[in-house]
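Numbering starts at 1 and runs along the sequence shown. Reckoned from all heavy atoms, side chains included, excluding hydrogens, waters and symmetry mates.
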Amino acid sequence: MAKEKKIDYKQASEGELQQRLQKSQEELFKLRFRAASAPLKNTMSIRKVRREVARVHTYMSQRRNNP
């Protein structure tokens with residue numbers, strides 16, 4: 001994932017979280033596709049993006065369960 005500005009997940013709106021989730025999932029797909037066709041220079045990037053997706057899912061589910 002390219003250097004992006006850090007966001008405060010607790011203060012982010014639902015729309016911002018949705019955008020971040022979609023962007024992260026697209027990046028994860030691209031990384032996995034590249035990893036299948038050729039070795040990646042930085043294999044940790046998959047792990048970082050996967051954790052980003054999980055982090056966004058966590059904050060979104062917390063909001064749904066605790067209005």
Walk me through whether Arg63 and Leu17 qualify under side-chain contact (heavy atoms from CB on, under 4.5 Å). CA-CA 11 Å; Arg63 288 201 176 158; Leu17 289 175; 3.6 Å; yes
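- In this structure, the salt bridge (Lys or Arg N to Asp or Glu O under 4.0 Å) partners of Arg55, at least two apart in sequence or on a different chain, are Glu52.
- Residues meeting the side chain to side chain contact (heavy atoms under 4.5 Å, CB included) test with Gln19, sequence neighbours left out: none.
- Distance check, rounded to the nearest 0.5 Å: CD of Glu14 to CG of Leu21 gives 10.0 Å.
- Residue pairs meeting the ring-ring contact (aromatic ring centres under 6.0 Å, His included) criterion with at least one member in residues 13-45, sequence neighbours excluded, do not occur.
- Inter-residue side-chain proximity for Arg32 and Arg50 is flagged as met; some heavy-atom pair is nearer than 4.5 Å.
- Partners of Glu16 according to the side chain to side chain contact (heavy atoms under 4.5 Å, CB included) rule, which considers only residues two or more places apart in sequence or in another chain, are Ala12, Ser13.
- Here the CD1-CD distance, from Ile46 to Glu27, works out to 10.0 Å after rounding to the nearest 0.5 Å.
- Taken from CD in Gln62 to CZ in Arg64, the straight-line distance is 10.5 Å, to the nearest 0.5 Å.
- Residues Leu40 and Leu31 approach most closely at CD1-O, 4.0 Å, considering heavy atoms.
- Between Asp8 and Gln11, the shortest heavy-atom contact is OD2-CG, 2.8 Å.
- The ring-ring contact (aromatic ring centres under 6.0 Å, His included) analysis of residues 41-64, with sequence neighbours excluded, yields the pairs Tyr9-Tyr59.
- Here the side chain of Ser37 pairs a donor or acceptor atom with the backbone of Arg34 at under 3.5 angstrom.
- Applying the salt bridge (Lys or Arg N to Asp or Glu O under 4.0 Å) test to residues at least two apart or on different chains, none of the pairs has a partner in residues 35-47.
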